[in-house]
Amino acid sequence: MNETQITIDGSQLKTDVKDANTFKGFGYISCNNSSRLLLDYKANHPAVYQQILTILFGGKHPLLRLLKVELGDDANTSSGTEPATKRRQSEPANVCRGAGYQLIADAKKIQPQLKTGLLRWGEPGWLKAQWRQVKSADPDQLVPESAFEAMYQWYKETIIAAYKTYGYLIDYVDPDRNETKHPMFGFIKWFAKRLQTDTTDFPADFPIEAYHQIKLIAADQNYETNFGTG
């Protein structure tokens, strides 16, 4: 494998802009099933796969300290299709589709303190009817509160499935859509309270108290930065 040497010059950091340009480390997003070819390496060239993950996540000062995965909806959201963990409301969540959750498990073997995040680009078909207005200019008013519980359960059941299948608990969750123009302030607050107070329908060995401590990302915007005033 070819190697490239990179030098980061800390003296070039602009310290007069407060937190705007403060370097906090690199993260990695596994979305649009863009990491799926890594599983081909794992199956056919396991040594190379391990070498790739060691470069990304290994060492005393890991290159990457956060791995965020897409909560897929079986739609091509930009460059590919991330499989949905639930294709029917009644279906048990399946985190073995796609590469993201497996990738987290393998990366955590190298860097146990790796932080993880979960974020959706869209909604699977069984949620679309009530969530159709999520792309409107005022989703907080047009998406009914009656739709919130089913969305929450999709996240919850996926988090539980990842724990049962691979043994880790997700650290960060964004209840809202990726790169939203109109953050759903009300839903995010509702989701936070629901997550922090939920005590039912967990497996017997599930760390409920740690689940209550999952942190929220609010909101994942790329157009404005107005969440703090919402």
Side-chain angles (χ1 to χ4, degrees), residues 29-31 33 66-75 77 82-105 107-108 114-134 139-140 143-178 180 183-220 227:
I29 297 179
S30 175
C31 60
N33 214 11
L66 170 67
L67 176 50
K68 184 188 295 186
V69 297
E70 178 183 359
L71 184 57
D73 65 336
D74 284 325
T77 49
E82 188 73 24
T85 57
K86 285 171 63 69
R87 289 173 173 152
R88 300 183 311 278
Q89 187 168 5
S90 60
E91 178 188 28
N94 183 350
V95 293
C96 296
R97 299 166 179 160
Y101 303 95
Q102 175 70 71
L103 181 58
I104 289 177
K108 273 185 165 291
L114 178 73
K115 296 299 183 182
T116 58
L118 190 61
L119 170 64
R120 80 180 195 277
W121 269 239
E123 298 76 37
W126 55 274
L127 281 172
K128 284 189 182 298
Q130 285 194 299
W131 282 84
R132 199 168 303 279
Q133 295 296 329
V134 70
D140 250 343
V143 176
E145 188 169 331
S146 59
F148 292 179
E149 182 65 23
M151 178 66 76
Y152 168 77
Q153 290 296 332
W154 180 33
Y155 278 85
K156 173 185 176 179
E157 292 172 28
T158 299
I159 292 169
I160 291 174
Y163 182 82
K164 291 175 62 177
T165 304
Y166 297 116
Y168 61 78
L169 188 67
I170 295 290
D171 296 296
Y172 296 93
V173 166
D174 185 351
D176 212 344
R177 268 190 168 215
N178 175 54
T180 180
M184 292 185 66
F185 304 107
F187 173 61
I188 292 171
K189 293 176 182 178
W190 180 96
F191 191 104
K193 183 176 181 180
R194 184 75 174 91
L195 183 147
Q196 293 165 2
T197 59
D198 190 0
T199 59
T200 60
D201 299 321
F202 289 99
D205 61 343
F206 188 79
I208 299 177
E209 290 186 9
Y211 175 83
H212 290 163
Q213 299 304 312
I214 291 175
K215 296 179 176 61
L216 298 193
I217 298 171
D220 199 317
F227 189 86

Enquirer: Check for me whether the distance between the ring centres of Phe148 and Phe187 falls short of 6.0 Å.
Expert: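 Ring-ring flag for Phe148/Phe187: true, centres closer than 6.0 Å.
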
Enquirer: Backbone N or O of Leu67 within a donor-acceptor pair of the Thr116 side chain at under 3.5 Å?
Expert: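 No; judged by distance alone, with no hydrogens or angles, the pair does not exist.
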
Enquirer: Do Arg120 and Glu70 touch side chain to side chain, with heavy atoms closer than 4.5 Å?
Expert: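 When only atoms from C-beta onward are counted, Glu70 and Arg120 do not touch, as no gap falls below 4.5 Å.
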
Enquirer: So how far is it from Ile104 CD1 to Lys115 NZ, rounded to the nearest 0.5 Å?
Expert: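 Going from the CD1 atom of Ile104 to the NZ atom of Lys115 covers 12.5 Å.
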
Enquirer: Verify the distance criterion only: is there a donor paired with an acceptor across the side chains of Glu149 and Gln153 at less than 3.5 Å?
Expert: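 The answer is yes; a qualifying pair exists.
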
Enquirer: Quick check: closest heavy atoms across Pro203 and Ile160, and the distance to 0.1 Å?
Expert: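 Scanning both residues, the minimum pair turns out to be CG-CG2, 3.6 Å.
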
Enquirer: Would you check, one step at a time, whether the test side-chain contact (heavy atoms from CB on, under 4.5 Å) holds for Leu118 with Tyr101?
Expert: CA-CA 10 Å; Leu118 190 61; Tyr101 303 95; 3.3 Å; yes

Enquirer: For the atom pair NE2 (His212) and CG (Asp198), what is the distance rounded to the nearest 0.5 Å?
Expert: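 These two atoms lie 6.0 Å from each other.
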
Enquirer: For Phe191 and Tyr155, run ring-ring contact (aromatic ring centres under 6.0 Å, His included): C-alpha distance rounded to whole Å, both residues' side-chain angles, the deciding distance at 0.1 Å, then the answer.
Expert: CA-CA 10 Å; Phe191 191 104; Tyr155 278 85; 5.4 Å; yes

Enquirer: Evaluate the side-chain contact (heavy atoms from CB on, under 4.5 Å) criterion for residues Met151 and Glu123: first the C-alpha distance (whole Å), next the side-chain angles of each, then the deciding distance (0.1 Å), finally the verdict.
Expert: CA-CA 9 Å; Met151 178 66 76; Glu123 298 76 37; 3.6 Å; yes

Enquirer: Show the numbers, then the answer: is there a side-chain contact (heavy atoms from CB on, under 4.5 Å) between Val173 and Leu216?
Expert: CA-CA 5 Å; Val173 166; Leu216 298 193; 4.3 Å; yes

Enquirer: Using every non-hydrogen atom in the two residues, find where Gly122 and Arg177 come nearest and quote the distance to one decimal.
Expert: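 Of all heavy-atom pairs spanning Gly122 and Arg177, the closest is CA-NH2, 3.6 Å.
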
Enquirer: Calculate, to the nearest 0.5 Å, the distance between atoms CZ and CG belonging to Arg87 and Asp73 respectively.
Expert: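 Spacing of CZ (Arg87) from CG (Asp73) equals 10.5 Å.
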
Enquirer: Run through Asn94, Ile170, Thr85 and flag the one making a side-chain contact (heavy atoms from CB on, under 4.5 Å) with Thr158.
Expert: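 Filter result, single survivor: Thr85.
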
Enquirer: Donor-acceptor check, side chain of Asp174 to backbone of Leu119, threshold 3.5 angstrom: yes or no?
Expert: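 Side chain of Asp174 to backbone of Leu119: no pair is present.
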
Enquirer: Inspect the surroundings of CD in Gln89 and state if more than 12 heavy atoms from other residues, nucleotides or ligands are less than 6.0 Å away.
Expert: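 Atom CD in Gln89 is not crowded, with 12 or fewer foreign heavy atoms closer than 6.0 Å.
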
Enquirer: Locate the shortest heavy-atom distance separating Asn33 from Gly98; write the atom from each residue and the value.
Expert: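 Closest approach of Asn33 to Gly98, heavy atoms only: OD1-CA, 3.5 Å.
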
Enquirer: Main chain of Ser90, side chain of Trp126: is a donor-acceptor contact present, judged purely on distance under 3.5 Å?
Expert: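 Checked: no pair found.
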
Enquirer: What pair of heavy atoms forms the shortest contact from Pro124 to Ala84, and how long is it?
Expert: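 Heavy atoms only, the tightest pair is CB-CB, 4.5 Å.
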
Enquirer: Are any non-hydrogen side-chain atoms of Pro92 and Glu157 less than 4.5 angstrom apart?
Expert: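 Of all side-chain heavy-atom pairs linking Glu157 with Pro92, none is under 4.5 Å.
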
Enquirer: Quick one: does Asp205's side chain have a donor or acceptor within less than 3.5 Å of a partner on Pro207's backbone?
Expert: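 No, the answer is negative, given that no donor and acceptor are paired below the 3.5 Å cut-off.
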
Enquirer: When you compare the side chains of Glu82 and Thr77, does any donor N or O come within less than 3.5 Å of an acceptor on the partner?
Expert: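 Checked: Glu82/Thr77 side chains show no N/O donor-acceptor pair below 3.5 Å.
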
Enquirer: Quick one: OH on Tyr172 to CG on Leu66, what's the gap to the nearest 0.5 Å?
Expert: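 Those atoms lie 7.5 Å apart.
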
Enquirer: To the nearest 0.5 Å, how far apart are CD in Gln213 and CG in Leu195?
Expert: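 Between atom CD of Gln213 and atom CG of Leu195 there are 9.0 Å.
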
Enquirer: Determine, step by step, whether Trp190 and Met184 satisfy the side-chain contact (heavy atoms from CB on, under 4.5 Å) criterion, reporting the C-alpha distance in whole Å, the side-chain angles of both residues, the deciding distance to 0.1 Å, and the verdict.
Expert: CA-CA 10 Å; Trp190 180 96; Met184 292 185 66; over 6 Å; no

Enquirer: Report, as yes or no, whether the 6.0 Å neighbourhood of atom NZ on Lys128 holds more than 12 heavy atoms from other residues, nucleotides or ligands.
Expert: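 Counting other residues, nucleotides and ligands, NZ of Lys128 exceeds 12 neighbours.
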
Enquirer: Return the minimal non-hydrogen interatomic distance between Ile217 and Pro175, and the atom names on each side.
Expert: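 Taking Ile217 first and Pro175 second, the nearest heavy atoms are O-CD, 3.9 Å.
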
Enquirer: Do Val134 and Thr180 touch side chain to side chain, with heavy atoms closer than 4.5 Å?
Expert: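 Result no, sub-4.5 Å side-chain heavy-atom pair not found.
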
Enquirer: Hey, could you give me the CG/CD1 distance between Asp171 and Ile159, rounded to the nearest 0.5 Å?
Expert: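 Asp171 atom CG to Ile159 atom CD1 measures 10.0 Å (nearest 0.5 Å).
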
Enquirer: Can you name the closest pair of heavy atoms from Asp74 and Pro83 and give their distance?
Expert: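 Of all heavy-atom pairs spanning Asp74 and Pro83, the closest is OD1-CA, 3.3 Å.
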
Enquirer: Decide yes or no on ring-ring contact (aromatic ring centres under 6.0 Å, His included) for Phe206 and Tyr163, but give the supporting numbers first.
Expert: CA-CA 8 Å; Phe206 188 79; Tyr163 182 82; 5.1 Å; yes

